[in-house]
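Scroll down for the structure; my scribbles are underneath it.
Lettering follows sequence order; numbering is per chain, from 1. This one's a predicted model, so the numbers in the text were calculated from it and none came from an experiment.
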Amino acid sequence: MTEFDNVFKTGYRTGLCGVIIRDYSGKEVVLCGWVSKRRDHGKLIFIDLRDFSGIVQIVFDPSFNMESYEIAKEIRSEYVIQTRGIVKERTSDTINKDIRTGEIEVLASELKILSKSKTPPFLLENREEIDELTRLKYRNIDLRTVEMQRNLRLKSSVMNVTRNYLTSNGFVEIETPILAKSTPEGARDFLVPSRLNPNKFYALPQSPQLFKQILMFSGFDRIFQIARCFRDEDLRADRQPEFTQIDLEMTFVKQEDVMGLIEGLISEIFIKIIGSEINLPFEKLTWLEAMSLYGSDKPDLRFDLKINDISEIFKSSEVKILKDTINNGGVVKCIKVENAGMFSRKDLDDIVSMAKSAGAGGLLWIKVDENCELQSPVSKFLSENEKNNLIRVLSLKVNDLILIVSDKFTTSCSVLGIIRNHLAVKLGLINKDEYKFLWIYDFPLFEFDEKENRYKSVHHAFTMPDENNLEYLKSDPLKVNSLSYDIVLNGTEIGGGSIRINNLELQEQIFKILKVDLERAKDNFGFFLSAMEYGTPPHGGIALGLDRLVMLLGKLKSIREVIAFPKTQSAIDMMTETPSNVDENQLKELYIKLVKFEE
RNA sequence: GGAGCUGUCGUUCAGCGGUUUAGGACACGUGCCUGUCACGCACGAGAUCGAGGGUUCGAAUCCCUUCAGCUCCGCCA
């Protein structure tokens with residue numbers, strides 16, 4: 001901050017509050033800021049003056065300057081003041097080691113109230129204890145706290161490093177429309193009525209996807225955007241209806257090129273902002289590996305607890321559930337917990353009900369007791385052979401616990417994935433200071449939507465299938481993998497991208513499989529398909545969730561902590577009270593009539 | 001759409017059928033105080049107990065409904 005100190009010298013002040021140290025002693029300074037605290041000792045008044053850089057103590061002594069002392073009596077918390085004074089070294093017994101400016105203070109010779117303040121609704125120092133609702137209502141004040149100053153400045157730094165990095169890698173920053181076209185695939189759109197085109201609507205972009213790609217068709221080679229995206233879906237701790245992506249697209253690239261570039265960017269962010277190196281390249285897992293080993297397509301690799309497949313052991317088991325599952329094409333999978341003596345019967349019951357609510361029929365546990373005997377609700381059904389195989393395959397020791405889920409592959413994996421995360425918290429396996437990045441690739445191209453009875457893109461409809469299994473495109477689309485990749489940090493998906501289709505016939509074939517009929521495809525994506533008719537280079541890209549990334553870098557528990565004016569879970573901005581009613585005339589101009597709202 | 005948790009002075013907590021006139025701490029106001037930095041001391045003001053309905057002689061407290069916030073499921077290509 002000190003290197004910018006000069007920048008903050010203005011007509012009002014000589015510099016910042018938080019940077020004044022011993023070197024300044026004897027100098028006259030003029031400072032501006034908010035009153036953080038006033039301590040009135042009758043004949044002596046202390047004020048903690050605050051700006052974003054920190055706090056400095058101002059002393060008002062009537063024997064030194066009566067006039068400023070008198071004004072200081074009127075001062076209250078959060079008043080904005082300007083003061084002139086001499087920087088004085090403190091006597092050794094009055095030094096405050098807790099603040100950077102604690103070795104000095106400013107003896108005031110002038111004081112001016114620039115703006116008064118009502119008593120603030122909450123104290124800035126104990127922000128963590130204040131209800132979030134109150135903080136969001138008075139966000140103007142919440143944003144003054146060191147926490148919010150730090151969070152938003154951190155985000156700004158990440159954006160700045162990103163711009164520099166991408167620009168120096170040949171990227172062009174190009175804006176694309178916010179008033180864009182609605183597309184039925186994907187998330188729900190926010191719509192904007194068009195006054196000049198009655199009964200027609202724009203949609204706010206869910207991402208600049210198609211514009212990015214068209215800019216590749218146009219020969220820009222590499223473009224990026226720090227793009228605001230809008231999705232009208234329900235909110236979560238890490239999801240807001242509008243959020244920001246570092247969104248980029250590159251021409252003539254393979255997946256490895258995009259991954260390498262992003263690794264470079266993340267590494268740069270760590271060196272410049274976190275101040276530490278990060279191991280490159282990141283670990284890579286195929287989607288299938290991630291699902292079968294960790295039960296998640298965004299596994300947290302800060303702890304191990306891998307999932308084992310023990311189907312082989314139970315092929316002809318007496319335990320009917322296990323055998324039947326296997327015979328029906330399912331799997332038997334488990335997680336082994338070592339030294340699990342601490343798990344009570346209640347803990348195990350909790351895990352069972354967790355498994356059930358996650359979609360499994362149930363969960364079997366087996367404990368190894370002191371005599372190396374296997375304890376379990378089903379122990380009497382387990383053959384000696386099965387017991388021995390379990391002990392051998394899983395190298396079981398005294399006090400080990402295994403948690404078994406047998407079901408369809410995806411169900412048993414994802415249920416154990418949820419339990420894996422639960423165990424890590426319970427066992428305290430997570431090192432909060434660690435950052436574990438990884439790539440997930442080789443996703444399936446499609447998934448089958450039971451409700452709509454059709455295939456859906458796992459990533460999006462413009463994702464390039466893996467040419468190695470193109471043959472299944474017609475016969476068994478679920479077997480086709482895609483050239484797409486997600487980047488995961490500590491169990492959170494922070495970005496995803498793909499190599500895109502650059503072949504019109506293939507693109508139309510994909511739409512056919514998605515049962516987007518050609519007529520509708522033309523309606524929604526016609527501009528894009530016809531753009532593809534004029535020379536489409538191979539290209540690919542990725543988007544990183546900026547807010548999520550910054551949230552994780554700052555070790556924060558919600559995305560709202562890195563957004564200046566976020567919305568509540570019901571998508572309301574508490575400060576501006578938005579959304580709100582609009583004037584009848586505004587609606588008239590837009591040819592919109594309100595329908596009475598009913599439950 | 002569903003599940004769970006929360007809602008009491010400005011803030012944060014206590015009170016969980018009856019001497020409660022709803023209590024403490026911080027903040028706030030007034031007075032005193034020349035070395036504090038979580039300043040101290042004294043006095044004071046401040047609450048339709050989220051809202052509505054019910055049970056009861058009596059409800060902040062029990063029941064129902066509802067609203068709001070948060071977490072999660074569904075949803076988020």
Query raised in the report: Under a 3.5 Å cut-off for both distances, is B:U34 Watson-Crick or wobble paired, and to whom?
Result: none

Requested in this report: Check the distance between B:A68's C1' and A:Gln569's CD and give it to me in whole angstrom.
Outcome: 11 Å

Query raised in the report: Where do A:Phe528 and A:Phe217 land on the ring-ring contact (aromatic ring centres under 6.0 Å, His included) test, with the steps shown first?
Result: CA-CA 10 Å; A:Phe528 184 73; A:Phe217 306 174; 5.5 Å; yes

Requested in this report: Identify the two heavy atoms, one from A:Leu478 and one from A:Phe448, that lie closest to each other, and give their separation to 0.1 Å.
Outcome: CD2-N, 4.0 Å

Requested in this report: Round to a whole Å and report the spacing from CE of A:Met354 to P of B:C73.
Outcome: 13 Å

Requested in this report: Write down the distance between CD1 (A:Ile419) and C1' (B:C72), rounded to a whole number of angstrom.
Outcome: 16 Å

Report summary line: Comparing nearest nucleotides in RNA chain B, the 5'-proximal residue of the pair A:Ser570, A:Asp238 is A:Ser570

Report summary line: Whole-Å distance, A:Glu233 CD to B:C72 C1', equals 16 Å

**Report entry** Nucleotide paired to B:U55 in any strand shown, Watson-Crick or G-U, under 3.5 Å
**Finding:** none

Query raised in the report: Given the P atoms of B:G29 and B:G46, what is the spacing between them in whole Å?
Result: 15 Å

Query raised in the report: For the residue pair A:Tyr485 and A:Gly541, what are the closest heavy atoms and their distance?
Result: OH-O, 3.0 Å

Query raised in the report: Is there a Watson-Crick or G-U wobble partner for B:U20 with both distances under 3.5 Å, and which nucleotide is it?
Result: none

Report summary line: Rounded to whole Å, CD of A:Glu132 lies from C1' of B:U11 at a distance of 16 Å

Query raised in the report: Within this structure, what is the CG-to-P distance between A:Asp350 and B:C72, rounded to whole angstrom?
Result: 19 Å

**Report entry** Where protein sits on nucleotides 31-41 of chain B, one letter per nucleotide: B base, S sugar-phosphate only, - none, heavy atoms under 4.0 Å
**Finding:** --BBBBBSB--

Query raised in the report: Looking only at heavy atoms, which two atoms of A:Ile501 and A:Pro465 are closest? And how far apart?
Result: CG1-CD, 4.1 Å

**Report entry** Salt bridge A:Asp40-A:Arg38, side-chain N to carboxylate O under 4.0 Å
**Finding:** yes

Query raised in the report: If the P atom of B:G18 is compared with that of B:C33, how far apart are they to the nearest Å?
Result: 47 Å

Requested in this report: Tell me the partner of B:G7, counting only Watson-Crick (N1-N3 plus N6-O4 or O6-N4) or G-U wobble (N1-O2 and O6-N3) with both under 3.5 Å; none if nothing fits.
Outcome: B:C67

**Report entry** Salt bridge flag under 4.0 Å for residues A:Glu74 and A:Lys116
**Finding:** no

Requested in this report: Indicate, with a heavy-atom threshold strictly under 4.0 Å, whether A:Thr183 touches base, sugar-phosphate, or nothing.
Outcome: nothing

Query raised in the report: Within the pair A:Thr119 and B:A27, is there a side-chain N or O less than 4.0 Å away from OP1 or OP2?
Result: no

Query raised in the report: Would you say the base of B:G69 and the side-chain of A:Asp131 have a donor-acceptor pair closer than 3.5 Å?
Result: no

Report task. Provide, to the nearest angstrom, the distance between the CD1 atom belonging to A:Ile572 and the P atom belonging to B:C67. Result -> 12 Å

Query raised in the report: Between B:U71 and A:Arg560, is there an OP1 or OP2 to side-chain N/O distance shorter than 4.0 Å?
Result: yes

**Report entry** Any A:Arg76 side-chain N or O less than 4.0 Å from OP1/OP2 of B:G29
**Finding:** yes

Report summary line: Rounded to whole Å, CG of A:Asp234 lies from P of B:G74 at a distance of 11 Å

Report summary line: As its Watson-Crick or G-U partner within any shown strand, both distances under 3.5 Å, B:G29 has B:C43

Query raised in the report: If you take atom types as modelled and just measure distance, does the side chain of A:Arg231 reach the base of B:C76 with a donor-acceptor pair under 3.5 Å?
Result: no

Report task. Please measure how far the C1' atom in B:C5 lies from the corresponding atom in B:C37, and state the result in whole Å. Result -> 39 Å

Query raised in the report: Which of these passes side chain to side chain contact (heavy atoms under 4.5 Å, CB included) with A:Leu107: A:Val87, A:Val59, A:Asn65?
Result: A:Val59

Query - Same-atom distance (P) from B:G35 to B:G50, integer angstrom - result: 45 Å

Query raised in the report: Relative to the 5' end of RNA chain B, which residue comes earlier, A:Lys557 or A:Leu123, by the nucleotide with the nearest heavy atom?
Result: A:Leu123

Requested in this report: Using a cut-off of 6.0 Å, state whether more than 12 heavy atoms not belonging to A:Lys118 lie near its atom NZ.
Outcome: no

Query raised in the report: Of the non-hydrogen atoms in A:Thr536 and A:Ala531, which two are nearest, and what is the gap between them?
Result: OG1-O, 4.3 Å

Query raised in the report: Quantified in whole Å, what is the P atom distance between nucleotide B:G58 and nucleotide B:A68?
Result: 32 Å

